[in-house]
Amino acid sequence: MMQRLARSFFQREPVVLARALLGQQLVRILDDGTRLAGLIVETEAYLGVIDLAAHTAGGRRTLRNASMWLDGGHAYVYFTYGMHHCMNIVAQVQDEPTAVLIRALEPTEGLTQMKAHRGAPAKRDRDLCSGPAKVCQALAIDRQFDGVNICSSEKLFVEQVRRRSLPGEAIGVGPRIGVDYSGEWASKPLRFWIAGNEHVSK
DNA sequence: ATGACGATTTACT
DNA sequence: GTAAATCGTCATA
């Protein structure tokens, strides 16, 4: 039986957490008991009040981003572009609003159900979870999960696949996607992926 | 009360 | 490569 990651795993600096999450398994249990899971293969770190690309830039604290201010190990799920959800895992501690965006998974369990959730555009397995909104659609994650404690939730959590973070040479690093509005923060190397993995977003 | 804008995806030229 | 889809949220007034 695979072990769930505990609070202390998440209470680290966002860059460290973004790297440590690579290769671990995100699990979603549907109400009918169906188990959906995938290995985390791509992440982005958001550094909090100083990070102009983060929703908490400048200390912004609103109804929408409130859960980013929770303790490490909570989910921050937001709705954007009028149609998409994206999921983050909060890092560090309460009132330190940093987080890691889950950008892509390599599906491992429940692929049939994921395909049903994703619909016609998901022609191949690599179309299922190769982008932050695709992950949420495939795993049926919406604002209902915003603020959920993933250290105790029965429906959404992370399982430990490996005890140590991947070695640096196995991790690709580059600028974050879709944050061109954030000036110099747009080019900082805060996106991480498993080098060579086919399920990373394009 | 109003308007501008997305931590995206998809389809189309 | 470009553009449409689509609406909750927040800043401004």
Side-chain angles (χ1 to χ4, degrees), chain A residues 10 13-19 21-22 26 38 40-70 72 74-92 96-107 114-148 150 156 158 172-193 198-202:
Chain A
F10 302 104
E13 297 199 336
V15 168
V16 175
L17 179 59
R19 288 174 168 276
L21 281 169
L22 294 175
L26 181 65
I40 297 170
V41 300
E42 184 181 2
T43 58
E44 282 178 357
Y46 285 85
L47 307 196
V49 299
I50 60 169
D51 181 356
L52 295 185
H55 291 161
T56 51
R60 276 201 304 275
R61 188 169 195 163
T62 66
L63 210 54
R64 182 208 202 197
N65 70 18
S67 57
M68 215 175 140
W69 294 79
L70 295 174
H74 286 79
Y76 167 45
V77 180
Y78 66 89
F79 182 67
T80 191
Y81 291 104
M83 65 193 94
H84 299 303
H85 293 277
C86 296
M87 177 192 168
N88 295 256
I89 297 177
V90 178
Q92 295 187 290
E96 192 67 56
T98 58
V100 174
L101 174 69
I102 306 300
R103 282 197 60 89
L105 305 178
E106 175 179 329
M114 288 189 201
K115 272 185 181 124
H117 290 160
R118 289 274 298 119
K123 296 177 171 51
R124 306 158 299 175
D125 287 355
R126 49 205 283 219
D127 299 322
L128 289 175
C129 297
S130 54
K134 297 180 190 177
V135 169
C136 284
Q137 191 178 20
L139 300 198
I141 295 168
D142 58 21
R143 280 227 103 196
Q144 295 255 100
F145 288 88
D146 182 50
V148 161
I150 64 171
L156 185 65
V158 184
V173 182
R176 294 173 294 184
I177 304 295
V179 295
D180 294 343
Y181 56 82
S182 63
E184 62 176 3
W185 284 89
S187 57
K188 292 189 184 289
L190 294 173
R191 182 165 67 104
F192 307 94
W193 64 90
E198 295 299 311
H199 298 268
V200 171
S201 68
K202 291 300 181 287

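Just so we're on the same page: letters track the sequence lines, and every chain starts at 1.
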Check nucleotides 11-13 of chain B against the protein and report each pair of N or O atoms closer than 3.5 Å, with its distance, or say if there are none.
none

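- In this structure, H55(A) and Y76(A) have perpendicular ring planes: the angle between them is above 60°, well past the 30° mark.
- The closest side-chain donor-acceptor pair between D146(A) and S67(A) falls under 3.5 angstrom.
- The nearest whole Å value for the distance from the CG atom in D180(A) to the C1' atom in dT8(B) is 13 Å.
- For the pair A186(A) and P175(A), the tightest heavy-atom approach, listed with the atom from each and the gap, is O-CB, 3.5 Å.
- Counting heavy atoms from C-beta outward, E44(A) and I177(A) have side chains that approach closer than 4.5 Å.
- Partner D51(A) forms a salt bridge (Lys or Arg N to Asp or Glu O under 4.0 Å) with one of R176(A), K188(A), R60(A) and no other, that one being R176(A).
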Report the C-alpha separation of R64(A) and R143(A) in whole Å, then their side-chain angles, then the decisive distance to 0.1 Å, and conclude whether the side-chain contact (heavy atoms from CB on, under 4.5 Å) test is met.
CA-CA 10 Å; R64(A) 182 208 202 197; R143(A) 280 227 103 196; 4.2 Å; yes
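- Distance OH (Y78(A)) to P (dC5(B)): 18 Å, rounded to an integer number of Å.
- Backbone-only contact: R118(A) has heavy atoms under 4.0 Å from sugar-phosphate atoms and none from a base.
- Base engagement by A53(A) is indicated by at least one non-hydrogen atom pair under 4.0 Å involving a base atom.
- Stacking of the aromatic ring of Y46(A) onto the base of dA7(B) is found: the ring centres lie under 5.5 Å apart and the planes are inclined by under 30°.
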What dot-bracket string describes DNA chain C from 5' to 3', counting Watson-Crick and G-U wobble pairs whose defining distances are under 3.5 Å, with [ ] for crossing pairs and | for pairs to another strand?
|||||.||||||.
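- Taking CD1 from I40(A) and CD1 from I89(A), the interatomic distance works out to 5.0 Å, rounded to the nearest 0.5 Å.
- In this structure, M68(A) reaches the bases: a heavy-atom distance under 4.0 Å links it to at least one base atom across the strands shown.
- Residues L128(A) and K134(A) are not in side-chain contact: their nearest non-hydrogen atoms beyond the backbone lie 4.5 Å or more apart.
- Within the structure, a side-chain polar atom (N or O) of K134(A) is placed less than 4.0 Å from OP1 or OP2 of dT10(B).
- The interatomic distance linking Y181(A) (OH) with dT8(B) (P) rounds to 8 Å, in whole Å.
- Atom CZ of R191(A) is separated from atom C1' of dA7(B) by 12 Å (rounded to the nearest Å).
- We find that NE2 of H55(A) is positioned 12 Å from C1' of dT8(B), with the value rounded to whole Å.
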Take nucleotides 2-10 of chain C nucleotide by nucleotide from the 5' end and write B, S or -, depending on whether a protein heavy atom sits under 4.0 Å from the base, only from the sugar-phosphate, or from neither.
---BBBSSS
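- Between W69(A) and T56(A), the closest side-chain pair of non-hydrogen atoms falls below 4.5 Å.
- Here dT8(B) presents its C1' atom at 16 Å from CD1 of I141(A), a figure rounded to the nearest Å.
- Side-chain contact check for F79(A) versus D142(A): every heavy-atom pair is 4.5 Å or farther apart.
- Side chain of Y78(A) to backbone of C86(A): no donor-acceptor contact under 3.5 angstrom is found.
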